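Okay, so here's the structure we're looking at.
To find a chain, count down the sequence lines: A is the first, B the second, and so on, and within it residues start at 1. From a predicted model like this one, the values you see are computed outputs, not experimental measurements.
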Amino acid sequence: MNINTQIVHCTIEAVRHMYGQETDAAAITVQDTRKEFEGQLTVVTFPFTKFSRQSPEQTGAAIGDYLKEKISVIEAYNVVKGFLNLVIADSFWISELNAISSQPFFGNLPAKNEKVMVEYSSPNTNKPLHLGHVRNNLLGYSVAEILKAAGYEVIKVNLVNDRGIHICKSMLAWQRFGNGETPQSTGMKGDHLVGKYYVAFDQAYKQQISDLMAEGQTEDEAKKNAPIIREAQQMLLKWEQKDPEVYNLWKMMNGWVYKGFDVTYKSLGVDFDRFYYESDTYMLGKDIIEEGLAKGVFFRKEDNSVWIDLTEDGLDQKLVLRGDGTSVYITQDLGTAQMKYQDYHMQRSIYVVGNEQDYHFKVLFLILDKLGKSWAKGLYHLSYGMVDLPSGKMKSREGTVVDADELIAEMIASAQTQTEELGKVSEFTSEEKTSLYRQVGMGALKYFLLKVDPKKRLLFDPNESIDLQGNTGPFIQYSYARCRSVLRKAGEKTLNNIVTGALSDQERDCIIMLRKYPAVIEEAAAAYSPALLANYLYDLSKVFNKFYHDEPILKLEDENLMNFRLMLCEQCGNAINQGMKLLGIEVPEKM
RNA sequence: GGUUCAGUAGCUCAGUUGGAUAGAGCAACGGUUUUCUAAACCGUGGGUCACAGGUUCGAAUCCUGUCUGGACUACCA
């Protein structure tokens, strides 16, 4: 049994035995002992003073006596105010390290027999990916990997938004202004080429609006009447009728975009088990509308449009089908949700989508629940904050975005500069260098985005480069490289069931931190928060670096102690490697 | 207006189910290497946890109100 739960149970026993009172495990706090006091684990005994009718000090001492008597690994205790600090025997921590070392996949939790779908990325195919998408992709990927490590079966899904008026805008602009440009002819990445015409459309559209306004139309009229937007709408109709010319153009330009996305996905290191395309799903959902009407969940207005009244739930009336029978956003999402469930029968489904859509998902889940879908309870919107620039929000149409490909290239270049300045890569082959620069640059970027609580908005200042020192990805990567370096130099050793004498503070701190790893995975999975894991890995790296700095390893004459410390290095390195993998970050053997 | 998320050091962020004197990093200043990687380690300075009440042995954390900022509140997706 875990020592923490053992202490909790034993404390319940103590309270029952000494004070004749029943307490709940939830009422007992066992926490790490603060550095300035002696001991490793602390029981908060304030809650029991009302049973004992004694001072916190006396109560703590009484419980301390009881615990020390019953739990053999408790060597001593002290009480400060109401805090009972327990000194756990070093032999216990050593056996913990041995136990960790004997597990081939420490931190991979047992299978939970539950299937979880994680939908993320979900790009529009009319422009390249920007920093906001990067956050989405890294978050989705990492949450999926953490869930896997926590024992869930995970399906990663990408629902590609490949149709709609916005797609027609870039198509039309390309037709109009493109002069037959292709990725081949221009050497541009396909998604960037298409994005260029999306911007071109917007410029032409704005020009027409201002021309019409100069002729006396109001802004609203001008927005509706601009010839180019009308043409885009015509194009969408043609697309829906599968007009061959439009349809082929659509296929060709989407093909360019997919090729471009593939490159970006590859540099981000994200992947998917299944792609859904909105061009296949946009007609779905009509049968759900019928179902809802039959069940009386929806109602029809005079103009034939279909609505749901959510005022009792504190929301508004919401349109679910237009008067002309065509779908809106939520119609197809209803249908798509149903289809995904039929395809996989997962217990949970996580939508990784920005917090600007909080309202949409609230409505979506509520509707499915009202329709009596048993699986609606398992739907969850992982809502994350926008990435903002100091100047405000990023807008693709206005070109005020931090482009994903450019940012990646800059990060790698900056990693290269800083690595070369340190002068540690003279013996690297050019492949090794390339690979290291990429690992460090991407590690810095990914950690930067993942260490922040997902639901918080993130500020990115393009004028300030992302640090490679301190609480950063490269710091953790460096710690790993140190682990590996020592082990390389130690050569072949069998590091098993090693016993040593008393532990130094640094050694004990490492073990205490290390053994938390599985619990961190569990928490990160439950909270859908890679940030918890990221911050843990930083803490682990910090205690390891302190140990590495303060304690000799290879210079030791005591073979047992050397082997013990090597094992500690090995296990810290393993945990860092495993954990970073779940964040999608690679760790180098040397740096 | 309504809904919702946030507000912690100059900046970027941690802070477990309420627990001890609120922690890191960056930036500033100072120190550590003939010894396993100095992308490291150690130290100094820096706080009215937005504000005001309340609950409690105990509140950054829970409750109420106020202020500030973001998002949403489309027959766009």
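Salt-bridge check for A:Asp358 with A:Lys362: failed, with every basic side-chain N at 4.0 Å or more from each acidic carboxylate O. Under the 4.0 Å criterion applied to side-chain N and carboxylate O atoms, A:Lys590 and A:Glu427 are not assigned as salt-bridge partners.
The base of B:A20 is paired with the side chain of A:Asn85 by a donor and an acceptor separated by under 3.5 Å. With hydrogens and angles ignored, no donor-acceptor pair under 3.5 angstrom links the side chain of A:Asp453 to the base of B:C13. Side-chain to base pairing of A:Thr42 with B:A20: one donor and one acceptor N or O lie within less than 3.5 Å of each other.
In this structure, A:Glu38 places its CD atom where only 12 or fewer heavy-atom neighbours from other residues, nucleotides or ligands lie under 6.0 Å away.
A distance-only check finds no donor-acceptor pair linking the side chain of A:Ser529 to the backbone of A:Ala525 [under 3.5 Å].
A cation-pi arrangement is absent between A:Lys455 and A:Tyr384 under the rule of less than 6.0 angstrom and at most 45 degrees off the ring axis.
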Could you list the protein-to-nucleotides 1-12 of chain B atom pairs, N/O on both sides, closer than 3.5 Å?
unit_1: B:G7; atom_1: OP1; unit_2: A:Lys456; atom_2: NZ; d: 3.2

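Of the residues A:Tyr277, A:Tyr329, A:Trp239, the one that meets the ring-ring contact (aromatic ring centres under 6.0 Å, His included) test with A:Tyr282 is A:Trp239.
Stacking between A:Phe83 and the base of B:A20 is present: ring centres sit under 5.5 Å apart and the planes differ by under 30 degrees.
Helical stems in RNA chain B, defined as runs of 3 or more consecutive Watson-Crick or G-U wobble pairs with both donor-acceptor distances under 3.5 Å, are listed by first residue as B:1-7 with B:67-73, B:10-13 with B:23-26, B:28-32 with B:40-44, B:50-54 with B:62-66.
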